[in-house]
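Predicted model only: the values in this text are computed from it and were never measured.
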Amino acid sequence: MVDQTLERLDPLSAAAARPVTTGAALLAIALPPLVLVTRGHEVVQPLWFVVAYVAVLAATALLLDRSRPTRPVWQSTSAQVFQLLLMAATIASAASTAGANERLRDDWAPLVVGILLVACTPYRPAREIVVWTAVHTLLCAALGIVQAPFAVSDVPTITFAVTGSFTVAVLGFAAAAYAHSLVTSTRLWQERAWQSAASAVRAQRTGVARSVQQRRITVLNHEAVPYLQRIIDTPTVSEEDRDEARRLARSIRAVLVAEVQKTWAQQMLDDVVARRPRLNIVAIADDPDDLGRRSTLERRTLLRALAVVGVERLGASEVHLRLRAPEGRLAVECTLAVPHSLRDARRELRSMIELIRGLTRRFSLREREGRVVLEFEYGY
């Protein structure tokens with residue numbers, strides 16, 4: 001099972017954290033030039049300093065790119081590249097000051113690495129951050145031991161290892177603890193939200209059953225009862241009476257089985273549309289295999305949220321939801337007839353689009369025959 005991250009559990013919260021990520025990335029970029037200005041005489045190998053700084057720029061660019069809400073969830077392959085770039089920056093930074101470490105001090109690289117580990121907490125699992133923090137800590141400790149003979153301070157060699165790795169260890173393990181806290185609290189909130197939603201569904205079942213019963217009574221009162229009264233008052237039963245009886249039987253049977261035969265997607269759309277009875281909204285679900293009923297609660301919740309946003313936020317007069325399962329994946333196409341242009345609809349659906357992109361794959365939003373069409377597939 002893939003370790004959970006805040007970006008997977010709550011994409012909107014991860015998107016809200018991006019300004020903090022951006023600020024941390026800018027701070028990491030600003031530190032090396034600041035060190036160069038204040039202690040430039042210690043950089044005896046300028047080429048290695050340039051290599052270290054380029055590695056930091058590449059790592060921050062990768063972090064900022066993968067943290068964009070419009071990008072898919074950050075996968076492990078590019079995350080490993082990110083960590084390798086940080087290791088390259090640490091080694092190159094140590095090489096740039098080789099033989100010139102005259103004082104007992106912390107290099108800039110461990111601090112930059114620690115800051116970037118903190119910046120990636122919404123996007124990477126806590127276990128991965130712990131592992132890479134340990135790797136960076138050991139690397140910095142080893143580099144501290146290698147540089148110990150060139151220092152003026154007369155302290156045990158192990159002290160250089162501790163001071164060289166202390167910063168990255170503190171920031172990295174704190175980042176892992178913070179990522180674990182984010183995931184734990186979010187999962188707890190979601191569990192409570194699902195429990196509340198389940199309770200609301202159970203409370204609404206009574207209303208649905210009452211609605212079905214009212215329709216049965218309506219058919220009986222308006223059609224069946226008058227017909228039976230007319231048959232009682234008529235001495236003979238004609239062929240027209242028999243035809244009317246057959247029609248009433250079909251009508252009553254249709255009412256009795258309509259709710260049973262209706263797919264989950266159609267029931268969901270009917271429930272959303274029923275909240276605005278005066279608008280005369282057309283809602284059609286094309287789900288012949290009833291995939292919605294077999295989907296997980298999270299997927300059904302996203303489909304319902306999309307329908308609600310389309311009706312209540314965009315004022316859609318028509319909602320057409322199409323569900324298919326190509327190669328075992330759940331493919332969704334939602335067509336909305338809205339009084340907005342594609343640009344305006346995209347702006348109104350911005351939060352919804354970010355949420356869908358975070359939870360699904362192959363998302364697209366386009367205009368077709370004057371209607372807004374959203375398409376996506378469930379992947380992970």
Side-chain angles (χ1 to χ4, degrees), residues 4-26 61-75 78 119-123 182-183 186 189-190 193 197 265 268-269 272-273 275-276 279 281 283 295 297-323 330-380:
Q4 293 289 357
T5 64
L6 179 65
E7 186 180 26
R8 289 182 182 273
L9 292 174
D10 189 359
L12 292 182
S13 293
R18 192 168 189 265
V20 178
T21 301
T22 303
L26 294 177
L62 179 59
L63 173 64
L64 292 176
D65 177 68
R66 303 311 302 184
S67 63
R68 285 188 300 162
T70 56
R71 296 287 286 171
V73 173
W74 197 358
Q75 302 297 320
S78 59
C120 69
T121 52
Y123 318 104
L182 287 176
V183 170
T186 302
W189 177 85
Q190 287 184 345
M268 180 271 293
L269 290 180
V272 172
V273 170
R275 300 178 182 179
R276 295 180 175 259
L279 297 184
I281 302 171
S295 298
L297 180 60
E298 291 82 356
R299 293 180 177 183
R300 293 200 301 268
T301 301
L302 181 60
L303 295 177
R304 182 182 294 274
L306 179 58
V308 171
V309 170
V311 171
E312 299 187 359
R313 187 74 178 269
L314 293 180
S317 58
E318 295 182 16
V319 180
H320 188 177
L321 183 63
R322 184 172 183 266
L323 304 182
L330 178 60
V332 179
E333 177 183 297
C334 183
T335 304
L336 304 172
V338 297
H340 300 283
S341 64
L342 180 62
R343 181 178 179 181
D344 293 338
R346 186 185 299 274
R347 183 173 60 253
E348 293 292 332
L349 292 172
R350 180 178 178 181
S351 298
M352 195 69 199
I353 291 173
E354 293 177 356
L355 178 61
I356 295 175
R357 279 176 169 159
L359 296 177
T360 65
R361 64 180 183 179
R362 298 182 183 178
F363 171 82
S364 67
L365 175 65
R366 67 180 189 277
E367 188 174 9
R368 184 176 64 195
E369 299 178 356
R371 288 168 168 78
V372 175
V373 181
L374 298 94
E375 287 185 295
F376 54 88
E377 289 185 0
Y378 285 97
Y380 322 107

(message) For T335 and R371, which I'm curious about, is there any donor-acceptor pair between the side chains at under 3.5 Å?
(response) no
(request) For A17 and P122, work out which heavy atoms get closest and say how close. (result) CB-CG, 4.0 Å
(request) Please round to the nearest 0.5 Å and tell me the distance separating atom SG of C334 and atom CG of L269. (result) 8.0 Å
(request) Search all heavy atoms of C120 against all heavy atoms of L63 and return the closest pair with its distance. (result) CB-CD1, 4.0 Å
(request) Kindly give the heavy-atom pair with the smallest separation between A307 and V272, and that separation in Å. (result) O-CG1, 4.1 Å
(message) Tell me whether the NZ or CZ atom of R299 lies within the 45° cone about the ring axis of Y378 and under 6.0 Å from its centre.
(response) yes
(message) Against L336, only a single residue in V373, L321, V319 fulfils side-chain contact (heavy atoms from CB on, under 4.5 Å); can you say which?
(response) V319
(message) Is it the case that atom CZ in R366 sees more than 12 heavy atoms from other parts of the structure closer than 6.0 Å?
(response) yes
(message) Tell me the closest heavy-atom pair linking L306 and I356, and the distance in Å.
(response) CD1-CD1, 4.4 Å
(request) Find the distance between CZ (R346) and NE2 (H340) and round it off to the nearest 0.5 Å. (result) 14.5 Å
(message) Could you tell me if the side chain of D344 sits less than 4.5 Å from the side chain of L314, heavy atoms only?
(response) no
(message) Just verifying a value: how many Å separate M268 CE and R304 CZ, rounded to the nearest 0.5 Å?
(response) 6.0 Å
(request) Grab the two heavy atoms, one from L64 and one from A25, that are nearest each other, plus how far apart they are. (result) CD2-CB, 4.0 Å
(request) Identify the residue among L323, L330, T301 that makes a side-chain contact (heavy atoms from CB on, under 4.5 Å) with S295. (result) L330
(request) Please assess F376 against V332 for the test side chain to side chain contact (heavy atoms under 4.5 Å, CB included), listing each intermediate value before the final yes or no. (result) CA-CA 6 Å; F376 54 88; V332 179; 3.6 Å; yes
(request) Show the numbers, then the answer: is there a side chain to side chain contact (heavy atoms under 4.5 Å, CB included) between W74 and T5? (result) CA-CA 10 Å; W74 197 358; T5 64; over 6 Å; no
(message) Check this for me: does any side-chain nitrogen of one of E333 and R368 sit under 4.0 Å from a carboxylate oxygen of the other?
(response) yes
(message) With a 3.5 Å distance limit and no angle check, can you tell me whether R313 reaches the backbone of L349 through a side-chain donor-acceptor pair?
(response) no
(request) First locate atom CD of E375, then atom CZ of R322, and finally report the distance between them rounded to the nearest 0.5 Å. (result) 8.5 Å
(message) How long is the straight-line distance from CD1 of I353 back to CZ of R347, given to the nearest 0.5 Å?
(response) 11.5 Å
(request) Identify the two heavy atoms, one from I281 and one from V273, that lie closest to each other, and give their separation to 0.1 Å. (result) O-CG1, 3.7 Å
